[in-house]
Amino acid sequence: QVPYQPSSPRQVANTLALLRGRAGKTVDLGSGDGRLVLEAYKQGLRPALGYELNPWLLCLANYRAWKAGYHGKISFLKKDLWKVNLSDCHNVIVFLAPSVKPPLATKLLAELPDDARVVAGRYPFPSWSPSSTLGQGLDQVWAYDIKEVRRQVQGRAQQSQV
């Protein structure tokens, strides 16, 4: 279980800035009240969807989508992020606790296409080097280009075999 903490307006802006100019399916893993998915859709990242287990947050996210006029255009699904296939996702947003990051890193590397970008908020992936970062303190976000992360991981694996 990951406690819900809504993203600040600055966190949302920084996250979307690191996804600017990108295309393809965008997902928020643990989408909470949906604010990041809504903003992604507004900025042209489509399809945009969120995965969330908390039924109250799902209701709130769907209400916010309806209120914004996006009902039926974006989706919030009650699905366990560990059980969804992310192989068609090109932009992944992750605002999850540090304890979740190591096993999630393994899942993302196994499933995402080479051209995917992962943007993490609040806590970076501990074993990955970001391709870019934006903001400071609680508003800092980290972007990881999966092709580059795979290269880093393979390089470390080869060094450890020597």
Peer 1: At their closest point, which heavy atom of Arg22 faces which heavy atom of Asn91, and how far apart are they?
Peer 2: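 Looking at all heavy atoms of both residues, the shortest contact is NE-OD1, 2.6 Å.
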Peer 1: Using the ring of each side chain (for Trp, its six-membered ring), is Trp128 parallel, tilted or perpendicular to Phe125, with breaks at 30° and 60°?
Peer 2: parallel
Peer 1: Indicate the atoms forming the closest heavy-atom contact of Pro102 with Ser99, along with that distance.
Peer 2: CD-O, 3.8 Å
Peer 1: Is the NZ atom of Lys107 crowded by more than 12 outside heavy atoms at less than 6.0 Å?
Peer 2: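 Atom NZ in Lys107 is packed in, count exceeds 12.
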Peer 1: Under 3.5 Å, side chain of Asn62 to main-chain N/O of Leu58, donor-acceptor pair present?
Peer 2: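 Side chain of Asn62 to backbone of Leu58: a pair is present.
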Peer 1: How long is the span from the OG atom in Ser31 to the CG atom in Leu49, to the nearest 0.5 Å?
Peer 2: 8.0 Å
Peer 1: Hey, is the main chain of Leu86 close enough, under 3.5 Å, to the side chain of Glu111 for a donor-acceptor pair?
Peer 2: yes
Peer 1: Could you check whether any side-chain heavy atom of Leu18 comes within less than 4.5 Å of a side-chain heavy atom of Thr133, counting everything from C-beta outward?
Peer 2: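 Contact flag for Leu18/Thr133 side chains = no.
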Peer 1: Do Pro113 and Ile146 touch side chain to side chain, with heavy atoms closer than 4.5 Å?
Peer 2: no
Peer 1: For the pair Gln152 (side chain) and Ser129 (backbone), establish whether a donor and an acceptor sit closer than 3.5 Å, ignoring hydrogens and angles.
Peer 2: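 Checked: pair present.
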Peer 1: For the residue pair Gly32 and Ala61, what are the closest heavy atoms and their distance?
Peer 2: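 Scanning both residues completely, I find the closest heavy atoms to be O-CB, 3.9 Å.
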Peer 1: Let me check something: do Val149 and Trp142 share a hydrophobic cluster, defined by ILVMFWY side-chain heavy atoms less than 4.5 Å apart, either directly or through other members?
Peer 2: yes
Peer 1: Using the salt bridge (charged side-chain N to carboxylate O under 4.0 Å, His left out) criterion, which residues pair with Asp145? Sequence neighbours excluded.
Peer 2: Arg117
Peer 1: How close do Arg150 and Leu108 get, heavy atom to heavy atom, and via which atoms?
Peer 2: NH2-O, 4.0 Å
Peer 1: Could you tell me whether the side chain of Arg35 and the main chain of Pro6 form a donor-acceptor pair under 3.5 Å?
Peer 2: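 Side chain of Arg35 to backbone of Pro6, a donor-acceptor pair under 3.5 Å: no, none is there.
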Peer 1: Do Val92 and Val37 sit in the same hydrophobic cluster, where Ile, Leu, Val, Met, Phe, Trp and Tyr count as joined when their side-chain heavy atoms come under 4.5 Å apart?
Peer 2: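 Looking at the clustering, Val37 is in a separate group from Val92.
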Peer 1: Taking side chain to side chain donor-acceptor pair (under 3.5 Å) as the test, write out the residues that go with Ser127, two or more places apart.
Peer 2: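 Side chain to side chain donor-acceptor pair (under 3.5 Å) check on Ser127 returns nothing, list empty.
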Peer 1: State whether the side chain of Ser132 and the backbone N or O of Pro130 hold a donor-acceptor pair below 3.5 Å, judged by distance alone.
Peer 2: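 Checking the backbone N and O of Pro130 against the side chain of Ser132, no donor-acceptor pair under 3.5 Å is found.
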Peer 1: For Gln5 and Arg122, run side-chain contact (heavy atoms from CB on, under 4.5 Å): C-alpha distance rounded to whole Å, both residues' side-chain angles, the deciding distance at 0.1 Å, then the answer.
Peer 2: CA-CA 10 Å; Gln5 290 180 295; Arg122 292 203 186 92; 3.5 Å; yes
Peer 1: Applying a strict under-4.5 Å side-chain criterion to I, L, V, M, F, W and Y, I'd like to know whether Leu109 and Leu29 cluster together.
Peer 2: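 Leu109 and Leu29: one cluster.
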Peer 1: Answer with yes or no whether the hydrophobic clustering places Leu77 together with Leu81; edges join I, L, V, M, F, W, Y residues whose side-chain heavy atoms lie under 4.5 Å apart.
Peer 2: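 In one cluster: yes.
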Peer 1: Working note: Asn14 + Gln140, criterion side-chain contact (heavy atoms from CB on, under 4.5 Å); need CA distance, chi angles, decisive distance, verdict.
Peer 2: CA-CA 7 Å; Asn14 288 345; Gln140 187 171 7; over 6 Å; no
Peer 1: Quick one, Arg64 and Tyr70 - any side-chain contact, counting heavy atoms below 4.5 Å?
Peer 2: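 Not in contact.
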Peer 1: Do Val94 and Val118 make a side-chain contact, defined as non-hydrogen atoms from C-beta onward lying under 4.5 Å apart?
Peer 2: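 Result yes, sub-4.5 Å side-chain heavy-atom pair found.
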Peer 1: Run the numbers on Trp82 and Val100 for side-chain contact (heavy atoms from CB on, under 4.5 Å), then give the verdict.
Peer 2: CA-CA 11 Å; Trp82 303 107; Val100 177; 3.7 Å; yes
Peer 1: Closest approach of Gly30 and Glu52, non-hydrogen atoms and distance?
Peer 2: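 So the two residues come closest at C-OE1, 3.4 Å.
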Peer 1: Spell out, yes or no, whether Leu38 and Val12 are grouped together once hydrophobic residues are joined by side-chain heavy atoms under 4.5 Å, including indirect joins.
Peer 2: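 Leu38 does not cluster with Val12.
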Peer 1: Measure the spacing between CG of Leu45 and CZ of Arg20 and express it to the nearest 0.5 Å.
Peer 2: 10.0 Å
Peer 1: Under the salt bridge (Lys or Arg N to Asp or Glu O under 4.0 Å) criterion, do Asp115 and Lys147 qualify, and how do the steps go?
Peer 2: CA-CA 6 Å; Asp115 67 343; Lys147 187 174 187 176; over 6 Å; no
Peer 1: Decide side-chain contact (heavy atoms from CB on, under 4.5 Å) for Tyr51 and Asp28; before the verdict, give the C-alpha distance in whole Å, the side-chain angles of both, and the deciding distance to 0.1 Å.
Peer 2: CA-CA 6 Å; Tyr51 293 115; Asp28 184 1; over 6 Å; no
Peer 1: So, do Lys83 and Lys79 sit near enough that their side-chain heavy atoms are less than 4.5 Å apart?
Peer 2: no
Peer 1: Tell me the closest heavy-atom pair linking Leu16 and Gln43, and the distance in Å.
Peer 2: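 So the minimum-distance heavy-atom pair works out to CB-OE1, 3.6 Å.
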Peer 1: Measuring from atom CG of Leu134 to atom OG1 of Thr15, what distance do you get when rounded to the nearest 0.5 angstrom?
Peer 2: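 OG1 of Thr15 is found 8.5 Å from CG of Leu134.
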Peer 1: For the backbone of Gln11 and the side chain of Ser8, can you confirm whether one donor and one acceptor N or O come within less than 3.5 Å of each other?
Peer 2: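 Between the backbone of Gln11 and the side chain of Ser8 there is a qualifying donor-acceptor contact (under 3.5 Å).
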